[in-house]
Enquirer: 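What follows is a structure written as structure tokens; I'll ask about it next.
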Amino acid sequence: MNAITDLGSNTGLRERLRIRAGIFTGQTSGLAPGNVQANLVILPKSLAHDFLRFAQANPKPCPVLAVSEAGDPRVPAVGLDLDIRTDLPRYRVWRHGELVEEPIDISHLWRDDLVSFVIGCSFSFEEALIEDGIEIRHISCGSNVPMFRTSIATNPAGVFHGPLVVSMRPLKPADAIRAIQITSRFPSVHGAPVHIGLPEAIGIKDVGKPDYGDAVPVGAGELPVFWACGVTPQAVIAQAKPEFCITHAPGAMLITDLRNSNLASL
């Protein structure tokens, strides 16, 4: 029997096995409905304490769901059959703040001193928005969510400092109000928006030219709604220039076994 197709209701593991086998290497928005998706930051142990302090000082963009033991590619708190080296569709490898590689497997780069941080992702709250009848434009377009570096500074900690990154979803005003109500229930996956409308007020010159992801159309009468984004650590890494770091590629998330419904605060 094919293990990938006979996993019952464990859609998170089913998708991870497809990714682990190299069958799927794309962006993960809309995959494994109901399962929490997560951002990833992997750093040497010598920098892990500073990064944990940075995440604690910036809970909107960096809500930590789990932290691994040094050198252990498993993160059992978010999935029992999970290998952080193989189970994301695409990774980014950084050296001294420069992006040097985007592999689909990081086994060849693994070290005994590496610590993995699993960080909440806004893809998780999209399910609740869709269930309420709110269109998610990048899903409708079959593209990646648009993400932007802003002029808002994060709170520094140790060597880590840099700009806040936001993801954007265009919404009708009534849907934007409802989206605030819904996403505020999910603080562990970024929570409520950080800004609505007036993108220039947070340093975004053109919502048609995202720094990460894909552009999506903003219709007449719609407002661009901005949520704190887990790509923020990548903008911070580019400024802090650590000797070595691995992250997810924007939009290519870790699909966990956690359930979105269990993250709701109300």
Side-chain angles (χ1 to χ4, degrees), residues 26-30 37 39 41 58 60-63 89-92 94 97-100 102 119-126 129-130 134-156 160-180 182-184 189-241 247-253:
Q27 64 94 13
T28 57
S29 178
Q37 298 199 26
N39 304 276
V41 177
N58 297 276
K60 289 285 280 187
C62 301
R90 191 166 299 277
Y91 300 81
R92 283 185 156 187
W94 306 78
E98 297 292 329
L99 176 61
V100 297
E102 287 199 344
I119 295 170
C121 171
S122 59
F123 285 179
S124 285
F125 66 58
E126 289 178 346
L129 296 177
I130 292 169
I134 297 173
E135 182 204 2
I136 304 299
R137 187 64 43 79
H138 62 272
I139 293 180
S140 299
C141 294
S143 59
N144 199 354
V145 65
M147 294 161 273
F148 303 85
R149 288 189 297 272
T150 72
S151 57
I152 302 170
T154 57
N155 297 312
F160 296 104
H161 59 93
L164 175 70
V165 174
V166 294
S167 60
M168 188 278 288
R169 294 159 185 83
L171 299 173
K172 298 174 183 176
D175 286 343
I177 293 170
R178 184 64 182 140
I180 294 170
I182 292 170
T183 59
S184 64
V189 287
H190 304 307
V194 295
H195 190 75
I196 296 177
L198 300 176
E200 63 277 6
I202 57 172
I204 298 171
K205 295 180 179 179
D206 187 347
V207 292
K209 295 180 179 178
D211 296 299
Y212 315 91
D214 302 316
V216 298
V218 179
E222 292 183 331
L223 297 169
V225 182
F226 300 94
W227 278 265
C229 179
V231 174
T232 297
Q234 299 188 28
V236 168
I237 286 160
Q239 289 203 15
K241 297 179 171 51
T247 67
H248 69 290
M253 317 308 293

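On a predicted model such as this, the values are computed, not experimentally measured, just so you know.
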Enquirer: Is there a donor-acceptor contact under 3.5 Å linking the side chains of Glu126 and His138?
Expert: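 Present: a donor and an acceptor within the cut-off.
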
Enquirer: Looking at every non-hydrogen atom in both residues, tell me the closest pair between Arg137 and Gly219 and how far apart they are.
Expert: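 In terms of heavy atoms, the two residues are closest at NH1-N, 4.1 Å.
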
Enquirer: Are Ile139 and Ile130 side-chain neighbours, meaning at least one heavy-atom pair lies under 4.5 Å?
Expert: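 SC-SC contact between Ile139 and Ile130 confirmed.
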
Enquirer: With side chain to side chain contact (heavy atoms under 4.5 Å, CB included) as the test, would you mind laying out the steps for Val231 and His248 before giving the verdict?
Expert: CA-CA 9 Å; Val231 174; His248 69 290; 4.0 Å; yes

Enquirer: Which pair of heavy atoms, one from Met147 and one from Gly251, lies closest together, and at what distance?
Expert: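 Closest heavy-atom pair between Met147 and Gly251: CE-N, 4.5 Å.
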
Enquirer: Less than 4.0 Å between a side-chain N and a carboxylate O, is that true for Arg169 and Glu135?
Expert: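 Looking at Arg169 together with Glu135, the answer is no, because their closest N to O distance does not fall below 4.0 Å.
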
Enquirer: Which pair of non-hydrogen atoms, one from Leu164 and one from Ala228, has the smallest distance, and what is that distance?
Expert: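 Smallest heavy-atom distance, with atoms named: CD1-CB, 4.2 Å.
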
Enquirer: Going by heavy atoms in the side chains, are Arg178 and Ile134 under 4.5 Å from each other?
Expert: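 In short, these two side chains touch, coming nearer than 4.5 Å.
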
Enquirer: Could you tell me if the side chain of Val194 sits less than 4.5 Å from the side chain of Val166, heavy atoms only?
Expert: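 Contact flag for Val166/Val194 side chains = yes.
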
Enquirer: Where do Ile180 and Ile196 land on the side chain to side chain contact (heavy atoms under 4.5 Å, CB included) test, with the steps shown first?
Expert: CA-CA 10 Å; Ile180 294 170; Ile196 296 177; 3.4 Å; yes

Enquirer: What is the distance from atom SG of Cys62 to atom CG of Asn39, rounded to the nearest 0.5 Å?
Expert: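 Between Cys62 SG and Asn39 CG, I get 8.5 Å after rounding to 0.5 Å.
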
Enquirer: Could you tell me if the side chain of Met168 sits less than 4.5 Å from the side chain of Val216, heavy atoms only?
Expert: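 Side-chain contact under 4.5 Å: yes.
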
Enquirer: Are the side chains of Trp94 and Thr247 in touch, meaning some heavy atoms are under 4.5 Å apart?
Expert: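 The answer is yes; the side chains approach within 4.5 Å.
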
Enquirer: Under 3.5 Å, side chain of Asn58 to main-chain N/O of Asn155, donor-acceptor pair present?
Expert: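 Yes; judged by distance alone, with no hydrogens or angles, the pair exists.
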
Enquirer: Looking at Ile204, is its backbone amide N or carbonyl O close enough to the side chain of Lys209 to form a donor-acceptor pair, meaning the two atoms are under 3.5 Å apart?
Expert: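 Not confirmed, Lys209 side chain does not pair with Ile204 backbone.
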
Enquirer: Before accepting this row, confirm whether a basic side-chain N of the pair Glu102/Arg92 lies closer than 4.0 Å to the acidic partner's carboxylate O.
Expert: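 Judged by the 4.0 Å cut-off on N to carboxylate O distance, Glu102 and Arg92 do form a salt bridge.
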
Enquirer: Any side-chain heavy atom of Thr183 sitting closer than 4.5 Å to one from Pro193?
Expert: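 With C-beta onward as the side chain, the pair touches.
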
Enquirer: At what distance, to the nearest 0.5 angstrom, does CG of Asn144 lie from OG of Ser167?
Expert: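 So the CG of Asn144 and the OG of Ser167 are separated by 10.0 Å.
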
Enquirer: For the residue pair Gly162 and Thr154, what are the closest heavy atoms and their distance?
Expert: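 Scanning both residues, the minimum pair turns out to be O-OG1, 2.6 Å.
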
Enquirer: State the CD1-CD1 distance between Ile202 and Ile152, to the nearest 0.5 angstrom.
Expert: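 Separation between the atoms: 5.0 Å.
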
Enquirer: At what distance, to the nearest 0.5 angstrom, does CZ of Phe123 lie from OG of Ser29?
Expert: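 It comes to 4.5 Å.
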
Enquirer: List in chain and number order the residues that pass ring pair (Phe, Tyr, Trp, His ring centres under 6.0 Å) with Phe160, two or more places apart in sequence or in another chain; answer none if no residue qualifies.
Expert: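 With sequence neighbours excluded, Phe160 shows a ring pair (Phe, Tyr, Trp, His ring centres under 6.0 Å) to Phe51, given in chain and number order.
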
Enquirer: Please report the closest heavy-atom contact between Pro146 and Pro210, naming both atoms and the distance.
Expert: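 In this case the closest contact between Pro146 and Pro210 is CB-CB, 3.9 Å.
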
Enquirer: Listed by chain and number, what are the side chain to side chain contact (heavy atoms under 4.5 Å, CB included) partners of Ala235, not counting sequence neighbours?
Expert: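 Once residues adjacent in sequence are excluded, the partners of Ala235 under the side chain to side chain contact (heavy atoms under 4.5 Å, CB included) criterion are Arg149, Pro163, Val165, Tyr212.
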
Enquirer: Give the minimum heavy-atom separation between Pro61 and Ile119, together with the two atoms involved.
Expert: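 Shortest heavy-atom separation between Pro61 and Ile119 comes out as O-CG2, 3.9 Å.
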
Enquirer: Determine yes or no for a side-chain-to-main-chain donor-acceptor pair under 3.5 angstrom, with Trp227 supplying the side chain and Gly191 the backbone.
Expert: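 Checking the backbone N and O of Gly191 against the side chain of Trp227, a donor-acceptor pair under 3.5 Å is found.
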
Enquirer: I'd like to know if the side chain of Gln37 pairs up with that of Ser124 as donor and acceptor (distance under 3.5 Å, no hydrogens or angles considered).
Expert: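 Per modelled atom types, Gln37 and Ser124 side chains form no pair under 3.5 Å.
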
Enquirer: Do the ring planes of Phe148 and Phe226 sit parallel (below 30°), tilted (30 to 60°) or perpendicular (above 60°)?
Expert: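 The rings of Phe148 and Phe226 stand perpendicular, inter-plane angle above 60°.
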
Enquirer: Any non-hydrogen side-chain atom of Val189 less than 4.5 Å from a side-chain atom of Cys121?
Expert: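 Counting from C-beta outward, Val189 and Cys121 never come under 4.5 Å.
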
Enquirer: Using side-chain heavy atoms (C-beta onward) and a distance below 4.5 Å, is Pro224 in contact with Pro170?
Expert: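 No; the side chains remain at least 4.5 Å from each other.
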
